Amino acid sequence: MSSRVVVAGASMGGLRAAEQLRAAGWTGSITVVGDEPLMPYNRPPLSKEVLAGKESFESLAFRPRASVADAEWILGTAVTSADLARRVVGLGDGTELAFDGLVVATGVRPRRLRCPGPAAGRHTVRTVDDARALRADLARPGAHVVVVGAGFIGCEVAATAVALGAAHVTVADPEPLPMLRPLGDLLARELLRRHQERGVRFALGTPVTAFEGGDRVTGVVLADGRRLPADVVVEAVGSIPNTAWLDGNGLDLADGVLTDELLRAGGLPHVVAVGDVARFPNARYDGVPRRVEHWSMPADSAKRAAKTLAAHLAGAEPDPEPFAPLPAFWSDQHDFRLQSFGAPALGLDDTRVLDGEPGGDVVVGYHRSGRLVGVVALGGPAAGAAAARHRPALLEQPALTA
């Protein structure tokens with residue numbers, strides 16, 4: 001019987017893991033299992049270009065490399081259980097798959113608010129079906145839109161709703177500023193100003209406590225007593241790692257799947273984790289395990305995890321070099337872009353303007369113990385290019401201590 005690697009999760013991380021296993025020399029069979037019926041596709045445009053109707057849903061699909069043309073794809077069925085000692089996973093349709101190696105790539109799902117009120121008219125944005133349903137609701141003439149959550153997705157959806165002509169768009173969040181935790185005070189204040197100039201309203205500093213309406217939501221109630229009219233609500237309040245299927249295997253699943261510096265789950269040589277679900281120590285910084293939900297991470301982690309797993313399956317020692325990626329993200333909102341390199345959240349206590357001015361194109365540096373750990377640009381292409389010029393300095397920095 002030929003050896004098999006099962007990749008649990010058929011999004012970007014699962015696809016890249018399959019491709020990188022081939023690149024690392026794995027010639028055995030590969031089975032990729034995913035709960036959605038679609039082949040892997042690009043998710044960031046769901047809250048922007050696709051939601052706005054500027055790109056089609058069909059344009060999102062990734063084109064797999066020829067090296068994985070022989071991979072088996074089991075779609076529309078989730079992995080629901082695992083016995084890592086027996087090396088078997090169970091699927092939602094009752095099927096069991098034996099494996100020699102396992103890639104955990106099950107990603108995350110949207111967190112939902114536990115508030116009383118109707119469910120109809122409330123949306124999340126994670127899948128193609130989510131975006132289709134939301135786009136249909138945003139097309140309602142005179143729509144009153146309330147976005148709960150002022151993070152990446154929330155701000156992007158608010159900008160898209162304004163562009164689509166929604167009558168009122170309000171962003172509600174318990175934090176006092178949008179995107180405060182990832183960006184810090186300086187850029188968060190500037191982000192607030194730019195959104196307000198373009199027609200977005202904000203209800204900040206107080207949580208949502210309830211939804212009003214009968215069969216369908218008609219309003220949002222805040223803890224301070226305010227009521228926001230709403231016939232469309234978008235819940236953008238974070239994510240939950242999909243790890244329940246791994247319960248009972250002795251893994252640390254407190255926030256995703258804890259891995260070591262080689263992306264092995266629980267130190268098991270035959271199990272690796274990639275993408276949003278992986279909580280790993282980054283040797284570039286302080287070695288504290290963290291999940292990183294950035295677009296670049298599925299590909300970066302898949303490359304390293306595939307090398308680790310392929311070496312084990314070949315009976316060889318893995319490359320001992322710790323995984324030390326440079327995180328990166330971007331976020332398009334209205335007519336401007338946020339572009340980031342590094343880990344700005346580690347340097348929120350020491351931010352400095354590196355280029356430009358906050359009112360225009362600006363680049364902000366984030367420092368920890370005097371060391372540059374992150375760079376974020378806000379503005380047009382010139383700001384992004386300026387941020388990219390600081391990337392070599394981020395790569396050359398020595399590791400931080402915990």
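In this text, all values refer to a predicted model and were calculated from it rather than measured experimentally.
A donor-acceptor contact shorter than 3.5 Å is absent between the side chain of Asp276 and the backbone of Val108. Of the possible polar contacts, one joining the Arg284 side chain to the Ala324 backbone as a donor-acceptor pair under 3.5 Å is found. Thr106 places a side-chain N or O within donor-acceptor distance of the main-chain N or O of Asn242, the cut-off being under 3.5 Å. A donor-acceptor pair is defined here as one N or O able to donate and one able to accept, closer than 3.5 Å; no such pair exists between the side chain of Arg304 and the backbone of Asp300. No donor-acceptor pair under 3.5 Å is formed between the side chain of Thr95 and the backbone N or O of Leu91. The closest donor-acceptor contact from the side chain of Asp350 to the backbone of Arg368 lies at 3.5 Å or more, if one exists at all. With Asn249 contributing its side chain and Leu246 its backbone, the two residues share a donor-acceptor pair below 3.5 Å. For Asp130 (side chain) and Thr127 (main-chain N/O), a donor-acceptor pair under 3.5 Å exists by modelled atom type. Between the side chain of Arg122 and the backbone N or O of Val232 there is no donor-acceptor pair closer than 3.5 Å. Here the side chain of His144 pairs a donor or acceptor atom with the backbone of Gly142 at under 3.5 angstrom.
Of all non-hydrogen atoms in Thr243 and Val257, the two that sit nearest each other are CG2-CG2, 3.8 Å. Taking each heavy atom of Gly154 and Ala236 in turn, the nearest pair found is N-CB, 3.6 Å. Taking each heavy atom of Leu378 and Phe336 in turn, the nearest pair found is CD1-CD1, 3.6 Å. Between Ala8 and Val79, the shortest heavy-atom contact is CB-CG2, 3.8 Å. Val171 and Gly149 make their closest contact through CG1-O, 3.8 Å (heavy atoms, listed as atom of the first residue, atom of the second, distance). A pairwise comparison of heavy atoms in Val6 and Ala98 identifies CG2-O, 4.1 Å as the closest pair.
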Might you work through the side chain to side chain contact (heavy atoms under 4.5 Å, CB included) test for Phe202 and Gln196, ending with a clear yes or no? CA-CA 8 Å; Phe202 286 83; Gln196 288 175 326; 3.9 Å; yes

Report the C-alpha separation of Ser331 and Glu156 in whole Å, then their side-chain angles, then the decisive distance to 0.1 Å, and conclude whether the side chain to side chain donor-acceptor pair (under 3.5 Å) test is met. CA-CA 7 Å; Ser331 178; Glu156 289 170 0; 2.6 Å; yes

Could you check Asp349 against His367 for side chain to side chain donor-acceptor pair (under 3.5 Å), going step by step and ending with a plain yes or no? CA-CA 8 Å; Asp349 292 335; His367 302 77; over 6 Å; no

Please test Val376 against Gln339 for side chain to side chain contact (heavy atoms under 4.5 Å, CB included), starting from the C-alpha separation and ending with a verdict. CA-CA 6 Å; Val376 179; Gln339 178 78 54; over 6 Å; no

Checking salt bridge (charged side-chain N to carboxylate O under 4.0 Å, His left out) for the pair Glu197/Arg194: CA distance, chi angles, key distance, verdict? CA-CA 5 Å; Glu197 282 186 346; Arg194 296 187 189 209; over 6 Å; no

Side chain to side chain contact (heavy atoms under 4.5 Å, CB included) evaluation trace for Phe323 with Lys307: CA-CA 11 Å; Phe323 184 51; Lys307 289 181 179 179; over 6 Å; no

Could you walk me through whether Asp137 and His123 pass side chain to side chain donor-acceptor pair (under 3.5 Å), step by step? CA-CA 9 Å; Asp137 264 6; His123 299 266; 2.7 Å; yes

Might you work through the salt bridge (charged side-chain N to carboxylate O under 4.0 Å, His left out) test for Arg43 and Glu36, ending with a clear yes or no? CA-CA 13 Å; Arg43 295 186 191 274; Glu36 291 188 74; 2.9 Å; yes

Does the pair Leu222 and Val220 meet the rule for a side chain to side chain contact (heavy atoms under 4.5 Å, CB included), with working shown? CA-CA 7 Å; Leu222 304 182; Val220 175; 4.2 Å; yes

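For Arg226, the CZ atom is densely surrounded, since the number of other residues' heavy atoms within 6.0 Å is greater than 12. Counting heavy atoms of neighbouring residues, nucleotides and ligands inside a 6.0 Å radius, atom CG of Asp215 does not exceed 12 of them. No more than 12 heavy atoms of other residues, nucleotides or ligands sit less than 6.0 Å from atom CZ of Arg391.
Of the inter-residue distances, the one linking Thr308 atom OG1 with Lys303 atom NZ reads 13.0 Å to the nearest 0.5 angstrom. Atom-to-atom distance recorded for Asp35:CG and Thr77:OG1 is 9.0 Å, nearest 0.5 angstrom. Remark: Arg371 CZ to Ser369 OG distance equals 9.0 Å, nearest 0.5 Å. Rounding to the nearest 0.5 Å gives a distance of 8.5 Å between CG of Leu102 and CG of Leu309. A distance of 12.5 Å separates CG in Asp129 from CG in Leu134, rounded to the nearest 0.5 Å. Distance check, rounded to the nearest 0.5 Å: CG of Leu180 to CG of Leu192 gives 11.0 Å.
A search for ring pair (Phe, Tyr, Trp, His ring centres under 6.0 Å) contacts involving His294 returns Phe329, not counting sequence neighbours. Looking at residues two or more places apart in sequence or on another chain, you find no ring pair (Phe, Tyr, Trp, His ring centres under 6.0 Å) involving Trp245. Taking the ring pair (Phe, Tyr, Trp, His ring centres under 6.0 Å) definition, one finds that Phe211 meets it with nothing, sequence neighbours left out.
Using a cutoff of 4.0 Å between basic side-chain nitrogens and carboxylate oxygens, Arg22 and Glu19 are not scored as salt-bridged. Salt bridge Asp185/Arg189: present, at least one basic N to carboxylate O contact under 4.0 Å. With respect to Arg291 and Asp255, a salt bridge is recorded, a charged nitrogen being found less than 4.0 Å from a carboxylate O. Salt bridge status for Asp332 with Lys48: absent, with no side-chain N to carboxylate O gap under 4.0 Å.
A distance of 6.0 Å or more separates the ring centres of Phe62 and Tyr41.
A perpendicular orientation is assigned to the rings of Trp330 and Trp295, their planes being inclined by more than 60° (bins at 30° and 60°). Classification of the His270-Phe99 ring pair by plane angle, with boundaries at 30° and 60°, yields parallel.
Taking 4.5 Å as the limit, some side-chain heavy atom of Met297 sits within range of a side-chain heavy atom of Pro327. Under the 4.5 Å side-chain criterion, counting only non-hydrogen atoms from C-beta, Val375 is in contact with Leu354.
For the residue pair Ser239 / Glu293, a side-chain donor-acceptor distance below 3.5 Å is found, with atom types taken as modelled.
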